[in-house]
Trainee: 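What follows is a structure written as structure tokens; I'll ask about it next.
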Amino acid sequence: QVHLVESGGGSVQAGGSLRLSCAASGNTYGRYCMGWFRQAPGRDREAVAAIDRVTDDTHGALYADPVKGRFTISRDNAKNTLDLQMDSLKPEDTAVYYCAASTHDLGIAGLLASLFRYWGQGTQVTVSS
């Protein structure tokens, strides 16, 4: 089991940047594929990005189409952390952002929320026009 705590949310104007972080407990962090998801008021939870257990030339990350080229997901397995760098933010990026962990490889979990077992409590991101 892994416990996840997000931080770094806040309010920013359109075009600005924010960096979200997720701290994971335990010594098994490297075993989990990690992801970021978001949920806006009145909308279903949607995927943002996911990253494999290790990152090298053969393992990488996936991004949802709305955030491609603007968001970057990264992880530090030595520090048990997951980050999401969000640039060129738009009002439609406004949502609660959640960090999640999956026991599946990225090739199986992909961006499917149902395959991510462990979730943080979320952090609010608000982008004003």
Side-chain angles (χ1 to χ4, degrees):
Q1 187 171 354
V2 61
H3 182 61
L4 305 172
V5 179
E6 302 95 336
S7 62
S11 298
V12 65
Q13 289 190 325
S17 298
L18 280 175
R19 188 176 184 89
L20 304 183
S21 293
C22 174
S25 65
N27 57 5
T28 60
Y29 176 67
R31 300 180 186 178
Y32 296 98
C33 167
M34 299 298 297
W36 286 100
F37 296 80
R38 67 187 182 185
Q39 187 167 18
R43 300 186 62 177
D44 293 336
R45 186 171 297 186
E46 64 176 2
V48 175
I51 189 167
D52 216 338
R53 299 174 183 182
V54 294
T55 52
D56 54 29
D57 290 343
T58 60
H59 299 83
L62 294 175
Y63 295 91
D65 286 344
V67 307
K68 282 182 180 177
R70 299 189 297 121
F71 291 12
T72 303
I73 188 172
S74 61
R75 68 187 296 165
D76 187 331
N77 288 349
K79 297 181 179 179
N80 283 15
T81 58
L82 176 74
D83 289 340
L84 183 69
Q85 177 66 41
M86 305 186 295
D87 299 318
S88 302
L89 282 161
K90 304 176 181 180
E92 51 263 43
D93 294 319
T94 295
V96 177
Y97 283 70
Y98 298 89
C99 168
S102 174
T103 57
H104 300 286
D105 288 334
L106 181 64
I108 295 175
L111 296 174
L112 298 175
S114 60
L115 294 184
F116 285 77
R117 178 179 298 181
Y118 304 106
W119 293 80
Q121 83 289 348
T123 185
Q124 177 71 46
V125 171
T126 302
V127 184
S128 58
S129 58

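No experiment lies behind these values; they were computed from the predicted model shown. The residues of the chain are indexed from 1 along the displayed sequence.
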Trainee: If I take atom CG from residue Leu106 and atom CZ from residue Arg53, how far apart are they, to the nearest 0.5 angstrom?
Mentor: 10.0 Å
Trainee: Could you walk me through whether Trp36 and Cys22 satisfy the side chain to side chain contact (heavy atoms under 4.5 Å, CB included) test, starting with their C-alpha distance in whole Å, then the side-chain angles of each, then the deciding distance to 0.1 Å, before giving a yes or no?
Mentor: CA-CA 9 Å; Trp36 286 100; Cys22 174; 3.9 Å; yes
Trainee: Does any donor atom in the side chain of Asp83 or Ser21 lie under 3.5 Å from an acceptor atom in the other side chain?
Mentor: yes
Trainee: Measure the CZ-CD distance between Arg38 and Glu92 for me, rounded to the nearest 0.5 Å.
Mentor: 8.0 Å
Trainee: Of the non-hydrogen atoms in Val127 and Thr94, which two are nearest, and what is the gap between them?
Mentor: N-OG1, 2.9 Å
Trainee: Please identify each residue that fulfils side-chain contact (heavy atoms from CB on, under 4.5 Å) with Thr72, with sequence neighbours left out.
Mentor: Tyr63, Gln85
Trainee: Decide yes or no for Arg70 and Ser17: does some side-chain heavy atom of the first lie under 4.5 Å from some side-chain heavy atom of the second?
Mentor: no
Trainee: Work out which heavy atom in Cys99 is nearest to a heavy atom in Met34; give both atom names and the distance.
Mentor: SG-CE, 3.7 Å
Trainee: Minimum heavy-atom separation for Ser129 to Ala14, with atom names?
Mentor: CA-CB, 4.3 Å
Trainee: Measuring from atom OG of Ser102 to atom CG of Leu111, what distance do you get when rounded to the nearest 0.5 angstrom?
Mentor: 11.0 Å
Trainee: Looking only at non-hydrogen atoms, find the nearest pair between Leu4 and Tyr118 and report the distance.
Mentor: CD1-O, 3.5 Å
Trainee: Between Ile108 and Leu115, what is the shortest heavy-atom contact and its length?
Mentor: O-CD1, 3.4 Å
Trainee: Does Arg75 form a salt bridge (charged side-chain N to carboxylate O under 4.0 Å, His left out) with Asp52? I'd like the steps, not just the answer.
Mentor: CA-CA 9 Å; Arg75 68 187 296 165; Asp52 216 338; over 6 Å; no
Trainee: With a cutoff of under 4.5 Å between side-chain heavy atoms, which Ile, Leu, Val, Met, Phe, Trp and Tyr residues group with Phe116?
Mentor: Phe37, Val96, Tyr98, Trp119
Trainee: Does a side-chain heavy-atom distance below 4.5 Å link Tyr29 with Leu82?
Mentor: yes
Trainee: Please examine the side chains of Met86 and Leu20, heavy atoms only from C-beta on, and report whether any two atoms are closer than 4.5 Å.
Mentor: yes
Trainee: For Leu84 and Val48, work out which heavy atoms get closest and say how close.
Mentor: CD2-CG1, 4.0 Å
